[in-house]
Amino acid sequence: MNPTYQPAEVESRWYPVWEESGSFRPEVNPDGEPYSIVIPPPNVTGVLHMGHALDHAIQDAIIRRKRMQGYAALWLPGTDHAGIATQNVVERELRKEGLSRQDIGREAFIEKVWAWKAVSGDTIASQMRKLGDSTDWTRERFTFDDGLSAAVRKVFVTLYDEGLIYRANRIINWCPRCHTALSEIEVEHENDPGELTYIKYPFVDGSGFITVATTRPETMLGDTAIAVHPDDERYQDAIGKSVILPLMEREIPVVGDEGVEHEFGTGAVKVTPAHDLLDFEIGRRHDLDPIVVIDTEARITVDGGEFAGMDRFEAREAVRSRLREIDAIEAIEEHPHSVGHCSRCHTVVEPLLSLQWFVEVQPLVGPAIDAIRSGRTRFIPKRWEKNYFHWMENLQDWCVSRQLWWGHRIPAWYCDACGETIVSMEDPTECSCGEGELRRDEDVLDTWFSSALWPFTTLGWPNETADLAKFYPTSTLVTGFDIIFFWVARMMKMGLHFTDDAPFTDIVIHGMVRDTATGRKMSKSAGNALDPLELIDEYGADSVRLALIQAAAPGHDVPLQTEWVDAARRFGNKLWNATRFAVEFMDVSRVPVDGGYPENPGPEDAWILSRLGEVAAEMDRLLDDYRLADAYSLLYNFAWSEVFDWYLEMAKTIARDDDRVDTMRETLGIVVRDVLKLFHPAIPFVTEELWSHMTDGGELLVSAPWPKVPAYESPANVDSLVDLVTEVRRFRSQHQIARKTDIAVTIVSSNDPLPVWWLDQLGALANCSPANGQRPDSTAGHTRLSSCGVEAYIALVGLIDVEAERPRIEKVIADLEAAIDRSRAKLDNPNFKGRAPAEVVSQEEQRLGEVEAELVKQQRQLQELG
RNA sequence: GGGCGCUUAGCUCAGCGGGAGAGCGCUGCCUUCACACGGCAGAGGUCACUGGUUCGAUCCCAGUAGCGCCCACCA
């Protein structure tokens with residue numbers, strides 16, 4: 001037997017067995033209640049990173065337990081076509097060949113993306129298998145497969161017919177590098193040093209000038225007005241006058257608008273309706289025609305006069321230096337502010353006036369808020385609900401059109417004769433006007449549009465499939481807080497609108513995996529990412545999973561370092577060795593897959609069984625609350641320190657006792673079996689392997705029933721013996737008494753005959769059986785140990801330096817006295833007895849009694865030292 | 001400018017109204033025949049600070065300080 005567990009070989013062996021046996025299909029529990037989770041679909045061209053590993057470890061632990069509990073458990077896998085991200089990847093590949101997507105054309109490009117998907121699209125699926133994800137691959141979906149695409153079209157057409165999708169010319173966020181519009185949540189605001197430039201605009205009538213402050217001087221080329229607050233006393237005379245726009249020599253009005261703040265800058269603002277959202281609205285209120293001076297390449301347009309063709313940042317400097325030449329700059333001061341960047345490529349986004357498709361979100365918001373508020377769907381932890389509400393209540397309409405090629409093409413056609421817009425399920429062939437050619441909209445939909453439909457489209461919607469009826473609404477969604485807005489909120493809105501049900505009952509939010517060294521989120525760009533695949537190769541998937549699960553407190557970021565993965569691996573090794581030892585040396589085998597709890601256990605057996613029952617019950621409570629970290633830390637400690645360090649050691653000795661060997665073996669088998677079961681959702685591979693060695697064969701652990709442990713009562717005697725043994729060990733350790741036989745322990749009395757294990761651990765002399773044990777003639781020179789009906793003496797003379805023991809006992813006595821004082825003060829307080837629950841009072845009294853008894857014992861020991 | 005979270009053992013974090021916990025690290029002893037990736041025994045904390053509520057506060061409330069995150073059209 002190899003003393004070290006080798007995960008790689010074992011892990012590669014089990015996944016195919018599980019998958020081929022159909023164990024991941026809900027059909028394994030045909031009569032079970034349905035329980036379903038849809039996976040947050042990873043990018044189809046992506047690779048597994050730590051965030052996935054965490055997300056998947058949690059989901060897998062949840063679904064595996066539900067499966068074992070007998071639910072018809074479905075974890076539905078799939079991938080996202082990930083519009084911009086995927087297109088960027090393929091364009092990068094093309095560029096290596098010196099080509100752009102425009103060079104090869106739309107059709108060829110899309111073929112290229114599909115080809116890319118065919119090669120790299122399975123990567124994530126095979127990596128999920130390595131991780132052990134028990135997803136039902138027969139139900140795998142892709143946001144761009146035929147079924148989902150048809151559903152996307154149906155949703156678009158329906159919303160259009162309901163008036164909830166419209167096309168309009170608005171200020172949108174434009175990424176000049178990706179060449180597409182973005183929604184506002186795809187814009188990341190970052191701090192920028194920035195400068196505020198104060199520019200003087202002279203009045204037409206020659207009565208001086210008005211000064212405005214701007215962080216973007218280049219946009220002045222498109223100014224169509226100056227705005228001040230209508231109540232601003234400084235500018236009462238100015239409203240209604242006109243100024244000359246410097247450099248452009250255009251006459252523009254000064255208007256009063258309530259959107260302007262008194263305090264900021266000079267209280268007067270330049271208005272550039274084509275390049276700023278606030279300015280756009282001011283422009284609309286005052287009937288100002290926008291002038292576009294920055295194009296989709298972020299260059300100055302022909303309307304920008306002498307600056308035409310310049311890049312926007314180049315133009316910023318050029319405009320400033322020209323203004324300086326004509327003495328139109330009053331001041332330039334530092335002004336830190338935040339600037340929007342494209343969340344994909346980090347380019348500074350440009351607010352542009354553009355014709356785009358929008359979803360009107362307000363009518364969808366109400367039901368999505370109600371579902372949470374009423375408790376039909378809940379966030380875990382609950383505090384995320386506040387973020388969700390706040391975000392929902394402040395939504396702008398969702399810009400859903402993207403100027404990309406990879407995505408669901410918008411099903412809208414325009415007639416070049418009459419200008420009619422046709423949005424329909426079927427591709428139209430001609431316009432109702434009878435003339436003119438129909439031209440299809442070039443744009444595709446935001447990736448998140450199809451993701452928003454994921455919980456029901458993956459189950460067959462709009463068809464009324466059996467899966468949709470059975471598994472929708474889904475039970476639980478597990479995801480990171482970073483996509484609550486992108487994804488969760490939109491699924492809630494779309495789900496409620498199209499199915500009348502919220503798509504899930506529980507929304508479990510976890511944090512980001514953080515690197516403990518830098519304290520930062522793990523990411524490739526930060527350069528601090530641990531690669532889960534490398535960790536799996538080195539430590540095994542079980543170890544990575546257990547480390548993540550144990551670190552994942554609900555709703556908090558998850559710190560991780562390789563040392564923890566190594567600790568988890570060492571646990572796997574321990575589990576491996578302990579179980580193999582039980583099987584090979586203790587003859588624990590052919591354990592029943594369920595039940596089989598001993599009816600007449602010995603005292604030690606009853607003790608471990610009672611602990612098993614407590615741990616299993618507590619785990620169920622914790623797991624039902626999604627507190628996986630607590631549940632698995634509890635089990636980890638129980639398994640290691642109680643089952644392996646205590647019970648297994650007891651069992652070795654007890655096994656020599658013919659009368660007890662059978663129940664011991666039975667108990668050991670059952671306890672280890674249930675530990676494997678309880679651990680399986682977290683560490684499926686090693687538990688399945690060990691299970692195969694100890695059960696009577698045939699049935700896989702993956703679909704074995706979850707433990708239901710009957711209640712056992714732990715004999716009080718065992719607990720006190722544990723204390724006694726610990727005390728003897730401490731004594732020996734402290735006085736460096738290496739061999740047990742170097743110490744003479746006399747058992748004077750015991751309520752029950754002591755099993756040989758205890759005598760051995762205590763180092764008691766074989767001839768000092770408890771029944772006829774004699775108290776030493778003189779207790780002086782002995783130390784007396786007693787605990788709950790057991791009394792024992794250790795002979796000290798000639799064994800230790802008596803004086804070395806004295807200070808320790810004195811410190812213990814001092815601590816006990818302090819505890820007694822505290823306890824007495826509490827009990828003497830009439831308010832305590834009057835107002836605290838009776839239970840607490842009696843508990844306190846009992847504690848005082850125990851501490852006092854301990855004090856007496858310690859004092860006697862001190863005396864007996866002589 | 002709003003909102004949220006965090007501050008507990010050397011490190012990373014649990015706990016959250018009634019006796020301060022885990023992992024890793026540290027100290028001592030043990031190569032004992034499942035595991036030295038192990039065993040046994042230990043050391044180590046005024047639970048950020050200040051008030052309040054309570055019979056009782058690490059836990060609840062208010063405030064202070066430090067750290068982190070999210071949202072935001074003050075140009």
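Residue numbering restarts at 1 for every chain, and letters A, B, ... go by the order of the sequence lines.
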Q: Would you mind telling me which of B:C37, B:G19, B:A34 lies closest to the side-chain atoms of A:Lys574?
A: B:A34
Q) For residues A:Asp223 and A:Thr272, is any side-chain donor paired with an opposing acceptor at under 3.5 Å? A) yes
(Q) Using OP1 and OP2 only, check whether a side-chain N or O of A:Arg514 sits under 4.0 Å from B:G68. (A) no
**Q.** Separation of the P atoms in B:C24 and B:U64, to the nearest angstrom
**A.** 41 Å
Q: Would you sort out whether A:Arg824 and A:Glu852 count as a salt bridge (Lys or Arg N to Asp or Glu O under 4.0 Å), showing the intermediate values?
A: CA-CA 11 Å; A:Arg824 284 227 178 94; A:Glu852 282 174 336; 2.5 Å; yes
Q | Proximal nucleotide (of B:G5, B:A75, B:A34) relative to the A:Val269 side chain | A | B:A75
Q. Between A:Trp384 and A:Phe379, is the gap from one ring center to the other below 6.0 Å?
A. no
Q) Which residue, A:Arg570 or A:Ala551, contacts RNA chain B at a nucleotide closer to its 5' end, judged by nearest heavy atom? A) A:Ala551
**Q.** Touch class at under 4.0 angstrom, heavy-atom based, for A:Glu649 against every strand present
**A.** base
Q. When you measure from the centre of the six-membered ring of A:Trp487, is the NZ or CZ of A:Arg490 under 6.0 Å away and within 45° of the axis?
A. no
Q. Taking atom P in both B:G44 and B:G21, what distance in whole Å separates the two?
A. 14 Å
Q. Counting only side-chain N and O atoms of A:Arg822, is one of them less than 4.0 Å from OP1 or OP2 of B:G19?
A. no
Q. Does the side chain of A:Trp640 reach to within under 4.5 Å of the side chain of A:Phe571, using non-hydrogen atoms?
A. yes
Atom pairs, protein N/O to nucleotides 70-74 of chain B N/O, distance under 3.5 Å:
none

Q: Looking at every strand, decide which applies to A:Pro351 at a 4.0 Å heavy-atom threshold: base, sugar-phosphate, or nothing.
A: nothing
(Q) Looking only at the side chain of A:Ala578 (C-beta and beyond, no hydrogens), which of the listed nucleotides B:A34, B:G19, B:G23 gets closest? (A) B:A34
Q: Write down the distance between CE (A:Met512) and P (B:C6), rounded to a whole number of angstrom.
A: 17 Å
Q) Counting side-chain heavy atoms from C-beta on, which of B:A14, B:G23, B:A75 comes nearest to A:His556? A) B:A14
Q) Base, sugar-phosphate, or nothing: which does A:Asp645 touch, judged by heavy atoms less than 4.0 Å apart? A) sugar-phosphate
Q) Does any N or O donor sit under 3.5 Å from an N or O acceptor when you compare the side chain of A:Arg569 with the base of B:C37? A) yes
(Q) Nearest whole Å is fine: how far is B:A57 P from A:Phe832 CZ? (A) 12 Å
Q: Taking the six-membered ring for Trp and the full ring for Phe, Tyr or His, determine whether the centres of A:Phe585 and A:Phe581 are under 6.0 Å apart.
A: yes
Q: Run through A:Thr579, A:Leu575, A:Asp542, A:Leu690 and flag the one making a side chain to side chain contact (heavy atoms under 4.5 Å, CB included) with A:Tyr5.
A: A:Asp542
Q. In whole angstroms, how far is the P atom of B:C13 from the CG atom of A:Leu548?
A. 14 Å
(Q) Taking the C1' atom in each of B:U46 and B:C67, what is the distance between them to the nearest angstrom? (A) 23 Å
(Q) By the 4.0 Å heavy-atom rule, please label A:Val271 as base, sugar-phosphate, or nothing. (A) nothing
Q: Return yes if a side-chain donor-acceptor contact under 3.5 Å exists between A:His337 and A:Asp192, otherwise no.
A: no
Q.
Work out how far the P atom of B:G25 is from that of B:G63, and round it to whole angstrom.
A. 42 Å
Q) Cut-off 3.5 Å, side chains only: do A:Glu850 and A:Gln846 have a donor facing an acceptor? A) yes
Q | Member of A:Arg316, A:Arg320, A:Lys270, A:Arg312 meeting the salt bridge (Lys or Arg N to Asp or Glu O under 4.0 Å) criterion with A:Glu218 | A | A:Arg316
Q: Check RNA chain B against residues 628-641 of chain A and give the residues with a non-hydrogen atom under 4.0 Å, in numerical order.
A: A:Asp630, A:Asn637, A:Trp640
Q: Pick base, sugar-phosphate or nothing for A:Leu648, based on heavy-atom distances below 4.0 Å to the nucleic acid.
A: base
Q | Along RNA chain B (nearest heavy atom to each residue), the more 5'-positioned of A:Pro559 and A:Glu850 | A | A:Pro559
Q. If only side-chain N and O atoms of A:Lys270 are considered, is one of them under 4.0 Å from the OP1 or OP2 phosphate oxygen of B:A75?
A. no
Q | Of the listed nucleotides B:C24, B:G15, B:G18, the one nearest the side chain of A:Lys826 | A | B:G18
Q: Determine, for A:Arg216 against A:Glu350, whether the closest basic-nitrogen to carboxylate-oxygen distance falls under 4.0 angstrom.
A: yes
Q. In whole Å, what is the span from the CD atom of A:Gln846 to the P atom of B:G18?
A. 17 Å
Q. Which value, in whole Å, describes the distance between the P atoms of nucleotides B:G3 and B:U54?
A. 29 Å
Q: Determine the Euclidean distance between corresponding P atoms of B:G17 and B:U7; express it in Å to zero decimal places.
A: 15 Å
Q: Starting from the C-alpha separation in whole Å, work towards a yes-or-no answer on side-chain hydrogen bond (donor to acceptor under 3.5 Å, both in side chains) for A:Ser823 and A:Glu844.
A: CA-CA 7 Å; A:Ser823 194; A:Glu844 189 63 37; 2.7 Å; yes
**Q.** For atom CD of A:Glu563 and atom P of B:C13, their distance in whole Å
**A.** 14 Å
Q) Any donor-acceptor pair under 3.5 Å joining the side chain of A:Lys386 to the base of B:C4? A) no
Q: Starting from P on B:A14, measure out to CD1 on A:Ile549 and report it in whole angstrom.
A: 16 Å
**Q.** Separation of atom CE in A:Met650 from atom P in B:G39, rounded to whole Å
**A.** 16 Å
Q: Tell me whether the OP1 or OP2 atom of B:C40 has a side-chain N or O from A:Arg729 closer than 4.0 Å.
A: no
**Q.** Distance in angstrom units between A:Glu618 CD and B:A14 P, rounded
**A.** 18 Å
(Q) Does either side chain, that of A:Glu186 or that of A:Ser183, offer a donor lying less than 3.5 Å from an acceptor on the other one? (A) yes
Q. Looking only at atom P, what distance separates B:A57 and B:G23, rounded to whole Å?
A. 30 Å
Q: State the dot-bracket string of RNA chain B. Criteria: Watson-Crick or G-U wobble, both atom distances under 3.5 angstrom; notation: ( ) intrastrand, [ ] crossing earlier pairs, | interstrand, . unpaired.
A: (((((((..((((....[..)))).(((((.......))))).....(((((..]....))))))))))))....
Q. In whole Å, what separates the P atom of B:G39 from that of B:U32?
A. 15 Å
Q. Less than 6.0 Å separating the ring centroids of A:Phe264 and A:His229?
A. no
Q) Are any of A:Arg847's side-chain N or O atoms less than 4.0 Å away from OP1 or OP2 of B:G18? A) no
Q) Quick one: which of B:A34, B:G38, B:A75 gets closest to the side chain of A:Lys652? A) B:A34
Q | Working for salt bridge (Lys or Arg N to Asp or Glu O under 4.0 Å), residues A:Arg621 and A:Glu618 | A | CA-CA 5 Å; A:Arg621 271 193 294 278; A:Glu618 181 64 13; 2.6 Å; yes
